[in-house]
Amino acid sequence: MDDRGAFPIGSFHSGLATAQPKPPRSSIGRRSTATLPTATGGTATAIATETANGKTADGDTATKTARKRKERSQPRTAWELRETILPPLSRHRRRNGKGKAPAPRAWYAALVEYVHLMRYATADQLQRKFPQWLTSPRTARRHLANLTDAGHLATESIRSTSPYFPLVYFATRKGTRLVEAAYAERGIEWESGGVEQRRSRGRSLDSLLHEVLVTEFLLSIELAIAARDDLMLLKRERRYFRRDRRLTYRSQRGTRHVEPDAGFLGAVERPDGTRNLLPMHFIELDNGTMPLRRLREKFEAYQQWASTEGEEYLRDETAGYGIAGTTNFRLLVIAHDKYDAGGDDRRLARIGEAVVELPRTMRDRIWLTPASSLGANRKESVGLDRAIWFRGRDLARAIAETSDRTTAELLQERATPIPRHALFPHDHTSAA
């Protein structure tokens, strides 16, 4: 089933006080904190006192201090979450006040549907997706707390993280029933196909951080497409691990399968009004934890799938839209080092070495970028439609022409001969 969202509401597009008394809890049960830079430079109380006196210790005016604090308080995108990997602290939410729960809003079903489709999402991601309803971080937290209290959403417990790691939401069975009822009111049948299950001991940091980063990338794709009149998002998928959605193929060892982290299908409209399908995009987000040997094996599995059942699968996936297209696909590889803020480029270079060793037909399908190029703040994240991608074919060509340089040197040099490309066409062509 196409998961674009058929009914209208679903188809739209903190420093730490070091040795001070504990601050009061907020309405959602989390202690109010400032940002990490404040924690290392002084307490929030000291900053407030200095601001009231007109200047801070380093001579900045109160206006500059307020501006800096506002900048630091901006919600992080998921690409910055590695900065929050600190010793764990238990957190508990409590409903604010007593009495009846707040009345549900008509658009709550749209929030639950999007969380279900993405599998996991944070409050900041949902606010960027639905700014018309979640107008501020505080408003987003309040409505998500209402949905959690009502049982439509739940927060995933995480092992080995810090109190600064954001709450991660997933849809419950009760929540998907809310979406089903909203569709039924419009005469549309909608099936969830199952929900995520809370683990008794919580999810590991590696696993959940990976899921949140995939959601971050898909959200950036949606925002980039929404910012252009000539692009449209036709389909997305987050559950290739399910039996009926796997990319299966036959080999000498029997039936095998490959599971992308996500996938999406888009189309471009030409000036004359005709529309063309873009290649199917599969996403592999490397968090810096998978051995390169296993990554090579995964690339080889994609190659075997493409040479056997791949063409038929892509033909079936692109059928039904009435748009001329291609049965080719791209494999987008995002290199990310969750422990080292400057390690994305080094990880990209190591992946690049594995890519150039692949057969040409598979190598030419791979596009690579470091996570650091995807944007560490909201403005850059929205501008995903930029020339930030290395193509496997260009990398192999550059290595053949400059035999005295390694793959790492070619990818990391500023004056690199390897061109970068935008993911979406700007000249109304759809190069594969």
Side-chain angles (χ1 to χ4, degrees), residues 3-5 11-13 74-83 110-111 113-132 134 137 140 166 168-169 208-238 260-268 278-287 330-338 341 344-345 347-348 366-390 420-426:
D3 60 9
R4 287 174 289 168
S11 59
F12 299 144
H13 277 271
Q74 291 298 317
R76 303 166 183 263
T77 61
W79 306 113
E80 294 182 292
L81 293 186
R82 61 183 158 209
E83 299 178 12
L111 267 67
E113 180 196 28
Y114 186 76
V115 174
H116 172 69
L117 294 176
M118 294 295 100
R119 297 189 64 205
Y120 298 96
T122 65
D124 172 67
Q125 291 169 339
L126 290 169
Q127 187 194 351
R128 281 182 283 152
K129 173 62 179 177
F130 302 104
Q132 68 274 35
L134 308 179
V168 179
Y169 298 88
L208 197 61
L209 179 61
H210 181 274
E211 299 295 340
V212 172
L213 289 175
V214 174
T215 299
E216 183 71 32
F217 181 72
L218 287 178
L219 174 60
S220 298
I221 289 289
E222 293 184 38
L223 296 178
I225 291 178
R228 289 179 51 176
D229 296 333
D230 61 332
L231 292 177
M232 60 195 73
L233 180 64
L234 303 178
K235 187 173 187 176
R236 62 178 170 239
E237 180 58 63
R238 277 288 279 117
D261 293 325
F264 68 91
L265 178 66
V268 60
L278 295 173
M280 186 75 181
H281 290 77
F282 297 119
I283 301 164
E284 285 290 344
L285 193 148
D286 175 72
N287 221 14
R330 292 175 182 163
L331 179 60
L332 306 181
V333 181
I334 303 170
H336 179 253
D337 190 328
K338 71 166 190 169
D344 293 351
D345 289 335
R347 184 64 180 178
L348 176 70
I366 297 181
W367 291 43
L368 308 98
T369 192
S372 56
S373 296
L374 297 176
N377 57 56
R378 288 170 173 241
K379 184 177 180 180
E380 293 177 357
S381 183
V382 173
L384 178 64
D385 191 17
R386 298 168 295 152
I388 61 175
W389 296 88
F390 295 103
R420 299 192 184 199
H421 301 268
L423 191 59
F424 305 117
H426 287 267

- request: State, to 0.1 Å, how close P279 and R330 come at their nearest heavy-atom pair, and which atoms those are.
  value: CG-NE, 4.1 Å
query: So do L423 and H281 actually touch side chain to side chain, heavy atoms under 4.5 Å?
result: yes
message: Less than 4.5 Å apart, side chain to side chain, heavy atoms only: is that true for E222 and R236?
response: yes
- line: Applying side chain to side chain contact (heavy atoms under 4.5 Å, CB included) to A335 and not counting sequence neighbours gives R347, L348, I351
- prompt: Is there side-chain contact between F424 and I221, with at least one heavy-atom pair below 4.5 Å?
  reply: yes
message: Run the side chain to side chain contact (heavy atoms under 4.5 Å, CB included) test on F390 and R420 for me, step by step, so that the C-alpha distance in whole Å, both residues' side-chain angles and the decisive distance to 0.1 Å come before the verdict.
response: CA-CA 5 Å; F390 295 103; R420 299 192 184 199; 3.2 Å; yes
query: Is there side-chain contact between V212 and Q125, with at least one heavy-atom pair below 4.5 Å?
result: yes
- request: Could you check if a side-chain atom of L278 sits within less than 4.5 angstrom of a side-chain atom of P425, using non-hydrogen atoms only?
  value: yes
query: With side chains defined as the heavy atoms from C-beta onward, is the minimum distance between D124 and R128 less than 4.5 Å?
result: yes
- prompt: Where the side chain of D344 meets the backbone of D337, is there a donor-acceptor pair that is under 3.5 Å apart?
  reply: yes
- prompt: Do I334 and L213 touch side chain to side chain, with heavy atoms closer than 4.5 Å?
  reply: no
message: So does V268 get a backbone contact from the side chain of R228, meaning a donor-acceptor N/O pair under 3.5 Å?
response: no
field: Residue from D286, D261, N287 passing side chain to side chain donor-acceptor pair (under 3.5 Å) with H210
entry: D261
Main-chain N/O of T215 paired to R238 side chain as donor or acceptor, under 3.5 Å: no
message: Once you measure the plane-to-plane angle for Y114 and F130, does it fall in the parallel (<30°), tilted (30-60°) or perpendicular (>60°) bin?
response: perpendicular
Qualifying residue, where the test is side chain to side chain contact (heavy atoms under 4.5 Å, CB included) with I225 and the options are D385, D230, L231: L231
